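Input: a single structure, listed below in structure tokens.
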Number of protein chains: 2
Amino acid sequence: MNISTRGRYGLRALADMTIHAVNGPVALRVIAERQNLSESYLEQVFSSLRKAGIVRSVRGAQGGYELNRPANEISVGEILRALEGPITPVYCVDDSSPGSECEMEKTCLTRPFWEELRNVVNRFLDETTLQDVIDKAPRESNKEPMFYI
Amino acid sequence: MNISTRGRYGLRALADMTIHAVNGPVALRVIAERQNLSESYLEQVFSSLRKAGIVRSVRGAQGGYELNRPANEISVGEILRALEGPITPVYCVDDSSPGSECEMEKTCLTRPFWEELRNVVNRFLDETTLQDVIDKAPRESNKEPMFYI
DNA sequence: AAGTAATCCTATATATTTGGTATGATTTTA
DNA sequence: TAAAATCATACCAAATATATAGGATTACTT
């Protein structure tokens with residue numbers, strides 16, 4: 001039951017970017033340094049976020065990334081799904097990708113339970129926004145450089 | 001955000017065992033056959049369940065496993081934790097194993113969020129019992145052999 | 001125009017985890 | 001004594017995660 005580094009780094013980097021955005025885009029180099037993450041790895045992460053419409057990029061010198069929408073209109077579910085794929089405790093209750101249905105769907109003893117767990121998790125993730133994440137973050141983290149989770 | 005086969009097979013095997021228990025222990029060979037699982041792999045799974053006090057074993061011919069407590073007194077959280085280790089979306093909010101604390105605990109931007117997610121998941125898992133899982137299972141599954149999730 | 005700073009893209013490498021199999025020992029019943 | 005079961009541990013192959021590397025492209029600055 002684990003979120004990989006893509007999701008962890010991605011969410012943390014987004015929170016960092018949002019907090020430190022003054023005006024104009026923020027370069028990955030800056031985020032990577034502040035959060036002690038690999039810039040190259042963040043590139044891959046932000047590529048996914050851009051393709052999902054969560055951030056937009058500005059290329060060239062003085063470029064970088066910025067949120068594509070206000071932080072309170074971006075759910076954590078959306079972010080994690082962009083980075084991790086469908087969030088589901090077991091693949092067989094992933095209703096997002098047709099063809100992934102378990103063949104014993106109708107008779108499986110545990111399927112109804114897993115569906116419920118999936119719903120509990122996704123409901124929470126979809127109700128929580130990037131802004132909520134930031135609001136819950138400790139104060140000091142807005143001032144000093146962070147290190148890795 | 002995935003539960004591995006240990007947790008999936010384990011929960012399904014337990015549900016199967018509970019449903020089909022008449023009196024006396026059920027052999028893994030029978031469960032494995034009915035649920036189309038590897039008996040050898042189930043041995044490892046049930047070894048963990050036994051050490052966690054969820055099932056008890058009867059050795060020798062005509063032996064097998066049976067629940068160590070009524071199904072409505074065994075939570076899914078207990079089962080999954082025995083098979084998967086601590087259920088936590090990110091390792092750094094695993095409060096069960098001391099020493100695993102993230103060093104940036106106090107200042108991490110995302111830690112409070114991950115803690116909340118961990119709590120949402122574990123609350124649900126601890127509130128749901130093996131009996132609940134069975135009660136939600138489709139009727140037919142009590143009669144016919146199942147196949148794998 | 002040149003240099004630089006940034007994103008973008010894709011291939012590759014390495015380490016870890018997962019999902020088992022295999023082997024044999026031990027225990028108990030028939 | 002034979003058979004049926006748990007118990008314990010070692011091992012292995014494949015998949016996945018976690019990056020690193022190298023270059024191409026774009027745009028700003030001087």
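Every chain is numbered from 1, with letters handed out A, B, ... down the list of sequences. Quick caveat: nothing in here was measured; it's all calculated off a predicted structure.
Residue S4(B) is classed as a sugar-phosphate contact, given heavy-atom separations below 4.0 Å to backbone atoms only. Nucleic acid contact class of Y65(A) (heavy atoms, under 4.0 Å, all strands): sugar-phosphate only.
Of the residues in residues 50-61 of chain A, those with a non-hydrogen atom less than 4.0 angstrom from any atom of DNA chain D are R59(A), G60(A), A61(A).
Distances shorter than 4.0 Å separate some side-chain N or O of S38(A) from OP1 or OP2 on dT20(D). Close to dT18(D), at under 4.0 Å from its OP1 or OP2, lies a side-chain N or O of T5(A). A sub-4.0 Å separation between OP1 or OP2 of dA4(D) and a side-chain N or O of R29(B) is absent. At dA19(D), one or more side-chain N or O atoms of Y9(A) fall inside 4.0 Å of OP1 or OP2 (strictly under the cut-off).
Side chain of E84(A) to backbone of G7(A): a donor-acceptor contact under 3.5 angstrom is found.
Residue order along DNA chain D, read from the 5' end via each residue's closest nucleotide, puts F46(B) first among E43(A) and F46(B).
Between Y41(A) and Y9(A), the ring planes are perpendicular. Angles over 60° get that label, and only those under 30° would be called parallel.
At a cut-off of 3.5 angstrom, counting only N and O atoms as typed in the model, there is a donor on one side and an acceptor on the other between the side-chain of Q44(A) and the base of dT20(D). With hydrogens and angles left out, the side chain of Q62(A) and the base of dC28(D) share no donor-acceptor pair within 3.5 Å.
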